[in-house]
A.B. asks: 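Take this structure, written in structure tokens, and hold onto it; I'll ask about it next.
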Amino acid sequence: MLDLLAQTGLNAVYAASYISLVAVGLVLIFGVMGVINFAHGELFMAGAYAVVALYADLNVPFFAAVAIGLLFVGCLGLLMEKALFRPLKTNPLGGLVASIGFLMILQALAVMGFGVRMEHIPPVTQEVIAFTDKVRLPVARLYVIVAAVVLLSALWYFLKRTRFGWALRASAQDPEAAALQGISIVQTAKIAMFIGAGLAGIAGALTAPLVSVNPHMGHSVIVTAFIVIIVGGVGSLEGAIVASIAYALVHTFVTTFYDGVLADIVGLSLMLVVLIVKPTGLFGSADRA
Amino acid sequence: MPKFLIWTAALAALIALPHGLSFSQQEILVFLTINVLLVASYRLLTLTGEWSLGHVVIMGVGAYSSALLTKKLGVYVPVSMLLGGVIAALIAVLLSFPLFRMKGFYFLIGSFAAGEIIRLLWKRFRDPFGGAKGIKGIDPMPDFSAGFYQFDFFEPASYYYFAGAVVAVCLWILWRIEKSPVGLTFHAVHWQDKLAQASGVNVRAYRTLAFAIASGFAGISGALLAHYVGTINPNAFDIDLMVYVLTWAIVGGTATFYGPILGCVVLTVINEIVLRELGLEQMRPLIYGAIMILSILFLPNGLESIVQKFTQRRAAGGAPERRPAE
């Protein structure tokens with residue numbers, strides 16, 4: 001029993017890692033652009049397909065493929081910023097619809113390029129860290145955990161300690177005042193989109209060998225990310241991370257001991273309860289709504 | 001009376017329409033008719049300024065209720081359709097208690113979560129909802145003869161006339177509601193909620209009312225769908241269809257009553273008829289997505305703005321220069 005609990009705990013840490021990477025990206029984009037990026041799950045998918053194309057099909061070394069995937073998806077983010085979100089700045093629902101259109105395009109491209117079947121990628125490493133006979137952590141999962149910890153710490157340092165980070169937060173809080181202080185809103189928007197999309201891309205790229213990659217995989221990812229950012233409070237990076245961990249724990253344990261559908265119901269119910277008790281999420285404030 | 005003539009001509013065209021179409025296009029026409037009611041009911045909800053992502057699940061509540069009523073209790077189909085709408089409205093009233101604590105983006109996602117919970121309950125509980133496979137063998141509308149025309153409701157053309165009549169009545173009711181003092185209050189709740197509250201309007205009650213009415217009509221559209229297709233499952237009411245409803249409304253424009261309907265008709269015809277005819281099955285979502293993006297970029301006020309340009313007439317009561325609200 002103790003083994004099972006420990007193993008489930010490890011699984012939860014892995015789940016929390018990739019969920020938080022996706023969710024933090026989504027929060028960053030919402031914070032700076034003021035738009036809900038419905039295509040965020042498809043950015044995750046694009047990262048995974050970058051690894052399919054480069055690592056599985058072209059035999060590029062795995063980490064090089066992940067790095068290229070990160071850059072590629074970051075550039076997709078820049079494209080979205082320039083083509084969709086900048087022209088629709090005054091029209092948040094329009095931005096939402098445009099991101100839905102972009103989602104359809106990305107999905108169709110994935111189907112056309114790779115077919116609708118699920119892709120299984122050759123494992124990167126078979127190594128397993130065995131704590132006991134039954135408590136084991138595959139190294140491929142460890143990569144995801146390490147990436148989440150390193151990247152999110154770096155992001156935190158960037159946002160809180162550097163001038164760029166200050167500028168980014170300032171333009172998220174009050175774009176007009178920030179512009180008057182000489183901060184380029186376009187520049188900060190580009191940075192936020194690149195980082196936000198890139199985080200989703202690297203999460204997809206690193207988990208690609210661990211899941212079955214298919215054109216519709218973004219769907220469950222975006223649903224999870226929405227739950228997480230709502231529970232954490234829209235616009236709060238810390239909230240997104242805390243909520244990712246909480247959600248991953250609950251979801252993984254309910255899945256292990258009951259079943260996946262019930263875990264989804266419990267997760268969604270928890271989110272509704274949080275919203276009923278505190279309608280702006282755990283870490284959110286009313287004026288960010 | 002040119003106006004009378006225009007309406008008569010439009011009615012005649014709608015009646016003649018299925019006879020110029022292929023069988024599969026007739027089927028699309030039935031779904032389109034049902035979706036027109038769905039998107040028109042959605043507009044009533046958006047009048048109060050809230051954008052729900054649970055509307056399609058509410059449609060499913062109507063479908064499941066009506067299907068189960070006929071299957072388990074043997075209720076006469078047209079009655080069960082009405083009851084489906086009533087049950088959907090009641091569920092909406094229940095949902096309004098948690099949901100109307102939220103606004104804007106939080107409401108959007110909260111309504112999505114509430115809808116997903118209902119949908120997953122259908123999936124999880126095989127009794128009575130049939131689990132992931134859903135409910136099969138739903139009783140169809142009983143055939144009847146109107147003397148001059150034999151209605152066989154397995155025929156899409158027959159069902160189109162039936163659904164068309166039901167939808168026309170529902171649209172007329174929705175139109176009357178929107179133009180009534182209640183409908184004007186919905187506008188007030190959206191644009192001047194503080195002022196409305198100060199002048200004694202119970203904002204929460206009006207939001208709930210709009211939510212319940214919109215859900216009731218969505219439920220009827222779901223019941224229309226269930227008794228036509230004969231089988232429903234949780235995936236028929238998932239976020240994909242909801243995304244379509246949302247885009248129909250926004251691409252069509254939500255400042256007028258006809259805007260969302262226009263969006264629904266135009267986008268469905270483009271997607272299901274034009275793109276399907278071109279035979280680009282895999283490219284279809286790509287082109288559809290591109291059309292959505294282009295229409296949002298270049299027609300920020302929706303397709304209805306084109307119509308307004310030509311008719312130079314502003315719908316009375318509609319708020320001018322309506323910008324989609326956060």
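Numbers restart at 1 for each chain; the letters A, B, ... are given by sequence-line order, proteins then strands. Bear in mind the structure is a predicted one, so any value in this text is a computation, not a measurement.
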A.B. asks: Heavy-atom cut-off 4.5 Å, strictly under: side chain, backbone, both or neither for B/Leu121 against chain A?
C.D. replies: both

A.B. asks: Considering heavy atoms only, which positions within residues 256-276 of chain A lie below 4.5 Å of chain B?
C.D. replies: A/Asp259, A/Val261, A/Leu262, A/Asp264, A/Ile265, A/Leu268, A/Ser269, A/Met271, A/Leu272, A/Leu275, A/Ile276

A.B. asks: Checking an interface table here. Which of residues 215-223 of chain A come within a heavy-atom distance under 4.5 Å of chain B?
C.D. replies: A/His219, A/Val223

A.B. asks: Using non-hydrogen atoms only, which part of B/Ile239 is less than 4.5 Å away from chain A: side chain, backbone, both, or neither?
C.D. replies: side chain

A.B. asks: Quick one: what part of B/Tyr244 sits under 4.5 Å from any heavy atom of chain A, side chain, backbone, both or neither?
C.D. replies: side chain

A.B. asks: With only heavy atoms counted, which part of B/Ala114 is less than 4.5 Å from chain A, the side chain, the backbone, both or neither?
C.D. replies: both

A.B. asks: Determine the sole option in A/Ile105, A/Leu103, A/Ile100 for which the side chain to side chain contact (heavy atoms under 4.5 Å, CB included) test with B/Met292 is passed.
C.D. replies: A/Ile100

A.B. asks: Check whether more than 12 heavy atoms from other residues, nucleotides or ligands sit under 6.0 Å from atom CZ of A/Arg117, and answer yes or no.
C.D. replies: no

A.B. asks: Between chain A and each of B/Met102, B/Arg124, B/Arg119, count heavy-atom pairs under 4.5 Å; write down the option with the most.
C.D. replies: B/Arg124

A.B. asks: Sort A/Phe102 into side chain, backbone, both or neither according to what part of it lies under 4.5 angstrom from a heavy atom of chain B.
C.D. replies: both

A.B. asks: Non-hydrogen atoms of chain A under 4.5 Å away: do they reach the side chain of B/Phe97, the backbone, both or neither?
C.D. replies: neither

A.B. asks: Side chain, backbone, both or neither: which part of A/Val277 has a non-hydrogen atom closer than 4.5 Å to chain B?
C.D. replies: backbone

A.B. asks: Does any heavy atom of chain A fall under 4.5 Å from the side chain of B/Leu95, the backbone, both, or neither of them?
C.D. replies: neither

A.B. asks: Measuring only between side-chain heavy atoms, which start at C-beta, is B/Ile109 closer than 4.5 Å to A/Ile229?
C.D. replies: no

A.B. asks: Step through the shown structure and confirm whether more than 12 heavy atoms of other residues, nucleotides or ligands are within 6.0 Å of CE on A/Met112.
C.D. replies: yes

